[in-house]
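Below: one structure, written as structure tokens.
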Amino acid sequence: MEMDGEIRNFAGMLRFIMSDSKLHDELHKISDKRGNGRLRREVWVDEKGKVTRYNLAYINHNLHAGDNGRVVGYDNAHGYHHRHYFGTEEPVDFVSFEDIEARFEQDWIALKDRP
């Protein structure tokens with residue numbers, strides 16, 4: 001009996017110690033002909049596959065020199081979901097990670113052809 005309790009405690013401690021794992025770490029260059037810039041996508045998940053952290057960014061130093069060139073981006077750093085847009089930051093309502101990805105895609109596509 002005692003051994004079963006020790007095993008359960010160990011399993012619980014192991015889950016606590018194990019950190020989320022980075023599922024995606026991607027950086028894609030957008031050709032000059034298609035609008036220039038780079039797309040950054042980082043996604044972390046827990047042991048069940050649920051997204052726990054994310055960072056999505058469209059980086060183009062020709063459009064915005066501040067914020068390390070991040071023109072638009074979404075992340076949940078600092079304990080809340082928010083959007084970066086030309087150096088400003090605003091909270092966003094989180095419905096799902098898929099919804100955030102769709103919003104991000106709409107934003108960067110609208111901006112990539114900007115002169």
Side-chain angles (χ1 to χ4, degrees):
M1 268 293 168
E2 185 61 36
M3 186 60 123
D4 288 338
E6 288 178 14
I7 291 172
R8 271 195 307 276
N9 287 341
F10 178 73
M13 286 174 34
L14 193 58
R15 264 195 300 281
F16 177 74
I17 292 169
M18 292 180 64
S19 63
D20 297 340
S21 58
K22 198 176 222 184
L23 183 64
H24 296 283
D25 188 353
E26 304 164 0
L27 184 62
H28 297 283
K29 168 76 171 98
I30 301 169
S31 71
D32 293 345
K33 187 177 179 180
R34 299 205 63 202
N36 199 356
R38 294 175 292 161
L39 290 174
R40 178 79 173 149
R41 183 174 187 252
E42 296 176 287
V43 181
W44 291 261
V45 296
D46 64 13
E47 67 277 352
K48 295 180 181 175
K50 179 182 174 196
V51 174
T52 56
R53 291 186 334 185
Y54 61 89
N55 175 36
L56 308 172
Y58 171 49
I59 302 160
N60 187 330
H61 293 277
N62 294 329
L63 293 180
H64 182 63
D67 200 11
N68 295 315
R70 178 171 40 190
V71 179
V72 65
Y74 289 80
D75 65 72
N76 64 342
H78 316 295
Y80 72 107
H81 303 274
H82 55 279
R83 175 183 183 239
H84 296 261
Y85 190 77
F86 286 93
T88 63
E89 189 178 301
E90 62 187 7
V92 295
D93 291 328
F94 182 81
V95 175
S96 68
F97 177 66
E98 292 77 17
D99 176 64
I100 292 291
E101 280 191 309
R103 288 190 220 179
F104 172 67
E105 185 176 0
Q106 283 180 322
D107 284 352
W108 84 261
I109 287 174
L111 290 169
K112 77 175 181 67
D113 295 325
R114 192 173 164 169

Holding to ring-ring contact (aromatic ring centres under 6.0 Å, His included), I want the full list of residues that pass it with Tyr54, two or more places apart in sequence or in another chain.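 ring-ring contact (aromatic ring centres under 6.0 Å, His included) list for Tyr54, sorted by chain: His81, Phe97.
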Results of salt bridge (charged side-chain N to carboxylate O under 4.0 Å, His left out) for [X] - residues two or more places apart only:
| X | value |
| --- | --- |
| Arg40 | Asp25, Glu42 |
| Lys48 | none |
| Glu26 | Arg41 |

Considering only residues two or more places apart or on different chains, which pairs with a residue in residues 63-82 satisfy salt bridge (charged side-chain N to carboxylate O under 4.0 Å, His left out)?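 Applying salt bridge (charged side-chain N to carboxylate O under 4.0 Å, His left out) to every pair that reaches into residues 63-82, excluding sequence neighbours, yields Asp67-Arg70, Arg70-Asp75.
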Contact list for residues 84-93, test salt bridge (charged side-chain N to carboxylate O under 4.0 Å, His left out), sequence neighbours left out: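 Output for this query lists Arg83-Glu90.
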Which value, rounded to the nearest 0.5 Å, describes the distance between [X] atom [atom1] and [Y] atom [atom2]?
| X | Y | atom1 | atom2 | answer |
| --- | --- | --- | --- | --- |
| Tyr74 | Tyr85 | OH | OH | 9.5 Å |
| Ile100 | His82 | CD1 | NE2 | 10.5 Å |
| His24 | Trp44 | NE2 | CH2 | 12.0 Å |
| Ile30 | Trp108 | CD1 | CH2 | 4.0 Å |
| Asn62 | Asn36 | CG | CG | 5.0 Å |

Same cluster (ILVMFWY, side-chain, under 4.5 Å), Val51 and Tyr80: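 They do not share one cluster, since no chain of ILVMFWY contacts under 4.5 Å joins Val51 to Tyr80.
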Val92-Phe94 co-clustered via ILVMFWY side chain contacts under 4.5 Å: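 Looking at the clustering, Phe94 is in the same group as Val92.
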Restricting to non-hydrogen atoms, name the atom on [X] and the atom on [Y] that form the minimum distance, rounded to 0.1 Å.
| X | Y | answer |
| --- | --- | --- |
| Asn60 | Val71 | O-CG2, 3.6 Å |
| Asn68 | Ile59 | O-CG2, 3.7 Å |
| Leu63 | Phe86 | O-CE2, 3.6 Å |
| Phe104 | Val72 | CE1-O, 3.7 Å |

Got a sec: does the NZ of Lys29 have more than 12 other heavy atoms crowding it under 6.0 Å?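 Enclosed.
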Just do the salt bridge (charged side-chain N to carboxylate O under 4.0 Å, His left out) check on Asp107 and Arg103 with the steps written out, would you? CA-CA 6 Å; Asp107 284 352; Arg103 288 190 220 179; over 6 Å; no
